[in-house]
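As structure tokens, the structure follows; a few thoughts come after it.
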Amino acid sequence: MGWKSGFVIIWVFCIQFVLQSNAILDPLDFLALQSIRKSLKDVPGSNFFQSWDFTSDPCTFPGVYCDSDKVIALNLGDPRAGSPGLTGRIDPAIGKLSSLAEFTIVPGRVIGKIPETISQLSNLRFFAVSRNFLSGEIPAAFGELRNLHTLDLSYNQLTGSIPRPLGSLPVLSNLILSHNHLTGSLPPFISNSLTRVDIMHNNLTGSIEPDSLPASIQYLSLGINKLSGPVFTFLPKLNQLNYLDLSMNRFTGLIPCQIFSFPISNLQLQRNQFFGPVQPVEQVTISTVDLSYNRLSGQVSPMLSTVQNLFLNNNRFMGLVPGNYVDRLMDATIQTLYLQHNYLTGLEINPTAEIPLSSVLCLQYNCMVPPAQSACPLKAGDEKTRPTAQCIEWRG
Ligand SMILES: *[C@@H]1O[C@H](CO)[C@@H](O)[C@H](O)[C@H]1NC(C)=O
């Protein structure tokens, strides 16, 4: 009898062990999670790690997602708005989570470098650590992750250049590196699924190589950098664009007329060195077009009169403002028309006509007396009219 009951006890124990081992985390993942946990902590006011107790199954921890015995997603930090997030560093042990497909950290105060060991995460699809204090360079190892779909490192303190291998990633879809201190040039991209490129507010230089952005791009934000050179080499074929911000760079040359037909709602090309005439071939239906602070010249195109908020100020436009602008100001379909600081010679407006209060027109500092209703931003200065000498020069 003693023999039999002993057998039953062992047998029950084995069954239990087998049942549990289905859910037991791979020891390598278990150790990696412990190291990751040790390198990070909650900022006071955040309680994310409170329930991370390694005597129980880590696959039940908040933010840890497993598939059988492997961690496949790690979403670190309390995702609720206003949570102060985490502090500490990303431990190199992250590279041991060999099935990891998704890694995120909520906005907080995580410092240090992104570990090079991410090169081992061959299944990684999604990596997002926006709004922390990560520094150092973007590991070139990201360029080895053939499944990488989204990389969001925005609002950190990253320096160095964008690793060229990132451009060769075959399924890269979202690249968000805005608000860092990146330098160097923008690498060419081959992925035909690339839809979003946001490098806003860095220190990128150089020109954009011809055809270096695929036609699949819908959102392109390169604003506030030091990019130079022409744009006709890469822009005209990007006809899926619905957001384009190239503002505050050193782009030069003509503005390609094709872009005015793209399904964009906000076109921001201000503060560059674009020159020459602006001649869209059909009425433009983009609601906001900002071409201010460039070196654009020629007459103001009637095709832009359908834009609700149009900023053409601080350029070299000349001649008469076409009559259809006046019509659209009167029926209030134009909300903002900034034409100040050009060389315009007139606007065909009835002196008694009243521009609706909802419309803003500024014509200050041109080669004409602005209409009485001209409403200008402070920056336009006090001078109503450009000195006559400059106007003669420009007309000649
Ligand atoms: C760009 O470089 C300038 C001068 O080196 C520096 O003052 C500025 O902070 C940099 N901007 C960014 C976003 O890193």
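Just the heavy atoms: all of them, side chains too, but no hydrogens, waters or symmetry mates, feed the values below. Whatever order the structure lists them in is the order used to number ligands and atoms, beginning at 1.
Ring pair F54/F30 is perpendicular by interplanar angle, where above 60° counts as perpendicular and below 30° as parallel.
Counted by atom type alone, H341 and Q364 present zero donor-acceptor pairs between their side chains at under 3.5 Å.
The cationic group of R316 does not satisfy the cation-pi geometry with Y343, failing either the under 6.0 Å distance to the six-membered ring centre or the 45° limit from the ring axis.
Remark: P170 pairs with R146 by the side chain to side chain contact (heavy atoms under 4.5 Å, CB included) rule, at least two apart or across chains.
Contact shell of ligand 1 (protein heavy atoms, cutoff 4.0 Å): N180, H181, H201, N203, K226.
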Please tabulate, one pair per line, all N/O donor-acceptor pairs under 3.5 Å involving side-chain atoms of residues 96-111, not counting sequence neighbours.
{"residue": "S98", "atom": "OG", "partner": "K70", "partner atom": "NZ", "Å": "2.9"}
{"residue": "E102", "atom": "OE2", "partner": "N75", "partner atom": "ND2", "Å": "3.0"}
{"residue": "T104", "atom": "OG1", "partner": "N75", "partner atom": "ND2", "Å": "2.9"}

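For residues 237-265, the set of pairs meeting the side chain to side chain donor-acceptor pair (under 3.5 Å) definition, not counting sequence neighbours, comprises Y243-Q268, D245-S247, S261-E282.
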